[in-house]
Amino acid sequence: LAKTTQPISMDSYEGQEVNITCSHNNIATNDYITWYQQFPSQGPRFIIQGYKTKVTNEVASLFIPADRKSSTLSLPRVSLSDTAVYYCLVGGHTGGFKTIFGAGTRLFVKA
Amino acid sequence: DAGVTQSPTHLIKTRGQQVTLRCSPKSGHDTVSWYQQALGQGPQFIFQYYEEEERQRGNFPDRFSGHQFPNYSSELNVNALLLGDSALYLCASSSPGQKAGTEAFFGQGTRLTVV
């Protein structure tokens with residue numbers, strides 16, 4: 001299973017765009033990249049998933065370069081409620097096989 | 001759709017006791033995974049059930065066991081509780097077929113405190 005490396009923490013201000021980068025140098029051909037958000041004492045919540053290039057949904061964008069050894073989660077115009085821990089996961093099936101969570105990135109959004 | 005539901009939400013047990021946690025997967029999901037999350041850490045994979053069998057297991061002792069029922073719901077049992085078992089226990093379910101890129105849906109968790 002590919003190991004991921006993320007910054008431990010990040011600070012931002014309301015209204016700014018936040019980019020969290022994840023390194024996964026030994027990603028396998030069949031692996032997908034998935035990001036989860038977790039608030040204290042709650043289960044992780046799926047944000048976005050991608051395989052290559054760019055994926056966008058109503059809450060975030062995911063940028064994956066051609067070599068797929070890293071990925072960047074982009075949160076547009078963050079608000080105080082985006083303060084949470086963000087996890088980057090790499091694997092074939094986040095639910096189908098064991099999913100390895102790292103320590104995640106603690107994002108703190110300030111007013 | 002109720003999503004993934006777990007019970008109870010909170011639980012306090014004494015060292016040496018046994019505990020059973022329950023999980024109902026999201027409608028249409030047949031795979032259930034269990035995670036332990038200590039304070040300030042990421043979730044750690046315990047095991048996964050599919051077709052009523054344990055398919056994958058993380059680095060947890062045999063005190064941790066589970067079961068999946070024909071309706072896909074699942075139980076996590078922990079015997080001989082230790083203080084270090086205090087954590088948030090998360091259940092995740094996923095969609096059928098174990099397709100590539102399948103996302104997992106998590107429940108709210110059960111907060112277990114061992115005293």
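First the proteins, then the strands, lettered A, B, ... as listed; each starts at 1.
By the neighbour-count criterion of 12 heavy atoms within 6.0 Å, atom CZ of Arg15(B) is sparsely surrounded, having that number or fewer from other residues, nucleotides or ligands.
The shortest distance between side-chain heavy atoms of Trp35(A) and Ser71(A) falls below 4.5 Å.
Proximity of the aromatic rings of Phe47(B) and Tyr49(B) is defined here by a centroid distance below 6.0 angstrom, and this criterion is met.
Top candidate by heavy-atom pairs under 4.5 Å with chain B, chosen from Tyr51(A), Phe46(A), Tyr87(A), is Phe46(A). Interface check for chain B: of the options Gly43(A), Pro44(A), Gly102(A), the most heavy-atom pairs under 4.5 Å are formed by Pro44(A).
Neither the backbone nor the side chain of Gln6(B) comes within less than 4.5 Å of any heavy atom of chain A. If you measure heavy-atom distances from Gln108(B) to chain A, the contacts under 4.5 Å come from both the backbone and the side chain. Of the atoms belonging to Arg45(A), not a single heavy atom falls under 4.5 Å from chain B.
At least one donor-acceptor pair under 3.5 Å links the side chain of His24(A) to the backbone N or O of Arg68(A).
Remark: the Gln6(A) side chain and the Thr105(A) side chain contain an N/O donor-acceptor pair separated by less than 3.5 Å.
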